[in-house]
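Here the structure is laid out as structure tokens; the discussion comes afterwards.
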Amino acid sequence: MNHPTFGFTKEDPWRIFRIMAEFVDSFEILSQVGPAVTIFGSARTAHADPYYKVAVELGRGLARHNLAVITGGGPGIMEAANKGAAEAKGNSVGLNIQLPHEQKGNRYANVPIHFHYFFSRKVCFVKYSLGFVFMPGGLGTLDEFFEIITLVQTQRIPRFPLILFGRNYWRGLIRWMKAALESNEFINPDDLELASVTDDVQEAIDLMVDYRRRVSTPAHPPEAHA
């Protein structure tokens, strides 16, 4: 039989075990890191970029409040946030992903976890975080933002703090969402209020610390990832 998908389908049962292994390994490690905040942002951000320095400060500040910092484990903004958390002696988690043009994990993640599948990695970002910061980034950052705000909007996960950091960067997207989505009633007017926009590191930290104080870490995982 020479059907082109035959070999692929024969491999599927074994692929399931690989997926299971990723979840088991990552769940076991991440369940021990404590309350955490995930910081998303571009892998292409240079060390001299002001947002790199902001991400270092943000990671450091969160760690000083005993919040673990989770990133995608790569360079750029991810490296900066991990660096800040590591310098503050906090849990600095890097969920690195294997890509065709391989993403090299940054050296500041003192809790590194490696993934083959995007979807299992994305589950871990949401399952083990009590808040999310979206720094300037590309398609991956936008993907995570829209997925997470959808989970909050549909009440599949609690209303965690969602912070868009960088008013100038996010202004155009917010303007478009109001003009194209809200005006056509594809979203409710209050859906855009699910995310906060700021340029202030301390404000971002305070929002996370205040949320942790008001709402204890759930005893059970959110329904979407139960």
Side-chain angles (χ1 to χ4, degrees), residues 30 33-97 103-113 121 124-126 128-145 148-149 159-174 194-215 217:
L30 289 170
V33 302
V37 172
T38 291
I39 300 174
F40 298 105
S42 176
R44 304 181 185 185
T45 304
H47 289 194
D49 191 293
Y51 282 117
Y52 185 98
K53 299 174 183 178
V54 165
V56 173
E57 185 181 352
L58 181 59
R60 185 184 296 121
L62 291 168
R64 286 175 175 169
H65 283 87
N66 297 315
L67 287 166
V69 171
I70 300 175
T71 78
I77 292 294
M78 296 174 280
E79 175 187 291
N82 283 139
K83 178 181 179 181
E87 288 178 347
K89 311 300 181 185
N91 282 326
S92 179
V93 184
L95 308 186
N96 196 40
I97 184 74
Q103 173 178 299
K104 183 179 180 182
N106 72 70
R107 63 191 177 94
Y108 299 105
N110 53 39
V111 184
I113 306 175
R121 178 177 180 247
C124 289
F125 283 134
V126 178
Y128 291 100
S129 299
L130 57 74
F132 305 87
V133 180
F134 303 90
M135 304 284 289
L139 295 179
T141 302
L142 292 174
D143 174 51
E144 299 291 358
F145 169 65
I148 292 170
I149 198 172
R159 188 171 176 176
F160 295 126
L162 310 180
I163 299 174
L164 296 172
F165 199 100
R167 292 183 183 277
N168 288 338
Y169 184 81
W170 295 107
R171 181 178 291 120
L173 176 64
I174 295 170
L194 297 174
S196 303
V197 186
T198 188
D199 288 314
D200 190 325
V201 170
Q202 191 58 53
E203 180 183 356
I205 293 170
D206 289 345
L207 284 170
M208 300 300 175
V209 172
D210 181 63
Y211 180 82
R212 182 182 60 181
R213 181 170 57 246
R214 290 186 292 106
V215 184
T217 303

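Without hydrogens or angle criteria, R60 side chain to E87 main chain gives no donor-acceptor distance under 3.5 Å. Judged by distance alone, the side chain of N91 and the main-chain N or O of V69 form no donor-acceptor pair under 3.5 Å. Between the N110 side chain and the G90 main chain, a donor and an acceptor come within less than 3.5 Å of each other. Checked by atom type and distance alone, the side chain of R212 never pairs as donor or acceptor with a backbone atom of G131 at under 3.5 Å.
Across all their heavy atoms, V33 and A68 have their closest contact at O-CB, 3.9 Å. Here the closest heavy-atom approach between residue A81 and residue I39 is recorded as CB-CD1, 3.7 Å. For the pair S129 and I70, the tightest heavy-atom approach, listed with the atom from each and the gap, is OG-CD1, 3.9 Å.
Residues meeting the side chain to side chain contact (heavy atoms under 4.5 Å, CB included) test with R44, sequence neighbours left out: S42. For D210, the salt bridge (Lys or Arg N to Asp or Glu O under 4.0 Å) criterion is met by R213, R214, not counting sequence neighbours.
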message = Assess the residue pair S92 and N82 against the criterion (side-chain hydrogen bond (donor to acceptor under 3.5 Å, both in side chains)); give the C-alpha distance rounded to whole Å, side-chain angles, the decisive distance to 0.1 Å, and a yes or no.
response = CA-CA 5 Å; S92 179; N82 283 139; 2.9 Å; yes

query = Is there a side chain to side chain contact (heavy atoms under 4.5 Å, CB included) between N168 and D199 once you walk through the steps?
reply = CA-CA 9 Å; N168 288 338; D199 288 314; over 6 Å; no

message = Checking L164 against I174 for the side chain to side chain contact (heavy atoms under 4.5 Å, CB included) test, could you report, in this order, the C-alpha distance in whole Å, the side-chain angles of both residues, the deciding distance, and whether it holds?
response = CA-CA 10 Å; L164 296 172; I174 295 170; 4.2 Å; yes

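For the atom pair T198 OG1 and E203 CD, the distance stands at 3.5 Å (nearest 0.5 Å). Between atom OG of residue S196 and atom CG of residue L162 there is a gap of 8.0 Å, rounded to the nearest 0.5 Å. Interatomic distance, F134 CZ to I163 CD1, rounded to the nearest 0.5 Å: 9.5 Å. Remark: L142 CG to W170 CH2 distance equals 5.0 Å, nearest 0.5 Å. In this structure, CZ on R64 lies 11.0 Å from CG on L62, to the nearest 0.5 angstrom. Atom CZ of R159 is separated from atom CG of L194 by 5.0 Å, given to the nearest 0.5 angstrom.
Checking F145, F40, F132 one by one against F125, the ring-ring contact (aromatic ring centres under 6.0 Å, His included) holds for a single residue, F40.
Residues V37 and L130 have side chains in contact (heavy-atom distance under 4.5 Å, counting atoms from C-beta outward). Considering only heavy atoms from C-beta on, F165 comes within 4.5 Å of V54 through its side chain. Looking only at side-chain heavy atoms (C-beta outward), M208 and I205 stay at 4.5 Å or farther from each other.
If you look at Y51 and Y169, their ring centroids are not closer than 6.0 Å.
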